[in-house]
2 protein chains.
Amino acid sequence: MTENVNDPRIVRTMHMLREALLELMEEQGFERITVKDITSKAGLNRGTFYLHYADKFDLLERITEEMMQGLRQIAQTFDPLDLVMHESQDTPFPFTVRLFEYFGEHARFFSVMLGPKGDPAFSVKFKEFMQVHLMDKFNEFHHSEDRVPVPWDYLMAYLISAHLGIVQYWLERGRDHTPWDVALMFTRMTQLSPIQSAGLKK
Amino acid sequence: MTENVNDPRIVRTMHMLREALLELMEEQGFERITVKDITSKAGLNRGTFYLHYADKFDLLERITEEMMQGLRQIAQTFDPLDLVMHESQDTPFPFTVRLFEYFGEHARFFSVMLGPKGDPAFSVKFKEFMQVHLMDKFNEFHHSEDRVPVPWDYLMAYLISAHLGIVQYWLERGRDHTPWDVALMFTRMTQLSPIQSAGLKK
DNA sequence: CCATAAATGAACTTTGTGTTGATTAATGAT
DNA sequence: ATCATTAATCAACACAAAGTTCATTTATGG
């Protein structure tokens, strides 16, 4: 397990192992992958793998943590007041655009991890991220516990999962729309009922 | 690989293997499970496993297929016209209630498979099921390709994932509402915009 | 140029896989 | 109740991959 990130050999090796894992996950899914597979795809000795990672789970966790770190950094720029101000405008919310740009930059990772060959625990992590960094900032609004059409927590589960679904579908389709366009869909679907979104009702 | 389903020994053995797998998946997730784990939890000889299943993937597939068969059977009773007739009523759609009852009966399976330790390919299967048996029956309504607020396919992805999310959350919470109650939430969230569902707007 | 340390290669133990063949035990048809 | 059938057990096997160790080669940076 190495620490020194200055040595270009280490950077190179770790990068190759990470790339190899993602490629293999696309092909076979995480389950079937062996350490042998990873190192031979990366063109490295099997022993070298263990110099940097404990096992394939460890490797995946490290990649994941890096991506989540990137997401958290973007989340810092989110202000719920911006969203309130933005209400009823028919332009995408800028923060959402930024998120989609990030997904696009790391499309390989997100598309594999959120897809059928991915890790369901990652989807959960991703949902928790949205819950903590986005949804929880609106908790102030729901003090009126009684007489709401739908319990707050179920509504959150609905919205978070819906948003995750859009990200998944967008990646699955090979990003057939710009981040700006998908973000606009987000904004509209949040403002309208599903029936209105479909254009079946003014 | 056995065929004769009449022999009670076979029924018993297969049932024990299935139960053991689900229990282990709850504990450790599919990935870490060995055939040894399954048979010793089931109190059977390791060799016996191979009399019935090729490997642990095979076992999981068979269980999955059984559950999907049950879902398809329920889906046969679905008529999109019923849903149209039901519009703007504030009662749950009966078909949805039936589905949730089924999820409840097989809560162990669905909660594991749709949860963080589950199989992401199953979530995809489940979404495809909803797409084919529910959503596709409304394709007739969207001939007006132009000027819709959101592309039809993205709206479908949004709705399907949202609904999956509710099922997941309901199971995760240990089914803290009756099938009737959750089904009513469904109906309301489909009729209202997210902002209305939250009670933030008339 | 050279001390340091990363990568390689080979050997080794351990764990799980999937199969086989002989033996024991349960089943259901007579 | 008997008995042929066949499921389940048990032990042994070859094989593949995991994870470790250590001597050797190669690349890095001072």
Side-chain angles (χ1 to χ4, degrees), chain A residues 1-66 112 117 119 121, chain B residues 1-66 112 117 119 121:
Chain A
M1 225 87 340
T2 325
E3 308 305 326
N4 183 8
V5 195
N6 304 324
D7 196 322
R9 288 173 294 181
I10 295 180
V11 178
R12 194 175 136 277
T13 297
M14 289 177 108
H15 183 255
M16 293 178 84
L17 289 172
R18 281 157 194 238
E19 285 304 305
L21 179 66
L22 289 182
E23 276 178 47
L24 286 165
M25 280 185 74
E26 252 173 346
E27 293 167 25
Q28 339 171 5
F30 189 67
E31 167 83 37
R32 311 250 185 191
I33 297 172
T34 70
V35 173
K36 186 92 217 308
D37 292 337
I38 300 169
T39 50
S40 64
K41 166 141 297 194
L44 295 169
N45 191 277
R46 194 168 65 87
T48 306
F49 179 93
Y50 294 103
L51 292 175
H52 302 288
Y53 302 103
D55 48 36
K56 63 173 180 167
F57 300 95
D58 185 34
L59 171 55
L60 185 60
E61 269 166 39
R62 306 268 203 108
I63 302 174
T64 300
E65 190 38 51
E66 209 174 285
V112 173
K117 307 278 186 64
D119 177 0
Chain B
M1 227 89 338
T2 327
E3 308 305 326
N4 184 7
V5 195
N6 303 324
D7 196 323
R9 287 173 295 182
I10 296 180
V11 178
R12 193 176 137 278
T13 297
M14 290 177 108
H15 183 255
M16 292 179 83
L17 290 172
R18 282 158 193 238
E19 286 302 307
L21 179 66
L22 290 182
E23 275 177 48
L24 286 165
M25 280 184 75
E26 252 172 347
E27 293 167 26
Q28 340 170 6
F30 189 69
E31 167 85 38
R32 311 251 184 188
I33 296 173
T34 70
V35 172
K36 186 91 216 308
D37 292 336
I38 300 170
T39 51
S40 64
K41 166 143 295 196
L44 296 170
N45 191 278
R46 195 170 65 89
T48 307
F49 180 94
Y50 295 103
L51 292 175
H52 302 289
Y53 303 104
D55 48 34
K56 62 172 180 169
F57 300 95
D58 185 35
L59 171 55
L60 185 60
E61 269 167 39
R62 306 268 203 107
I63 303 175
T64 301
E65 191 36 52
E66 209 174 285
V112 173
K117 308 278 186 64
D119 178 0

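Values in this document were obtained by computation on a predicted structure and should not be read as measured data. Residue numbers start from 1 in every chain, and the chains themselves are labelled A, B, ... in the order their sequence lines are given, proteins ahead of strands.
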Nearest to the side chain of [X], which nucleotide is it out of [options]?
X: B:Lys36; options: D:dA8, C:dT17, C:dT8; answer: C:dT17
X: A:Thr48; options: D:dT9, C:dT17, C:dA7; answer: C:dA7
X: A:Pro8; options: C:dG9, D:dC10, D:dT28; answer: D:dT28
X: A:Arg46; options: C:dA6, C:dT17, D:dT20; answer: D:dT20

Please determine if a side-chain N or O atom of [X] lies less than 4.0 Å away from the OP1 or OP2 oxygen of [N].
X: B:Thr13; N: D:dA7; answer: no
X: B:His52; N: D:dA7; answer: no
X: A:Asn45; N: C:dA7; answer: no
X: B:Tyr50; N: C:dT19; answer: no

Take the protein atom [atom1] of [X] and the nucleotide atom [atom2] of [N], then report the distance between them rounded to whole Å.
X: A:Leu44; N: D:dA27; atom1: CG; atom2: C1'; value: 14 Å
X: B:Ile38; N: C:dG16; atom1: CD1; atom2: C1'; value: 12 Å
X: A:Ile10; N: D:dG29; atom1: CD1; atom2: P; value: 10 Å
X: B:Asp7; N: C:dT27; atom1: CG; atom2: P; value: 7 Å

#### Entry: Partner residues of A:Glu19 under the salt bridge (charged side-chain N to carboxylate O under 4.0 Å, His left out) criterion, sequence neighbours left out
A:Arg108
### Message
I need the single residue from A:Ile38, A:Ile33, A:Thr34 that forms a side chain to side chain contact (heavy atoms under 4.5 Å, CB included) with A:Lys36. Which is it?
### Response
A:Thr34
### Under 3.5 Å donor-acceptor, B:Lys56 side chain and B:Leu21 backbone
no
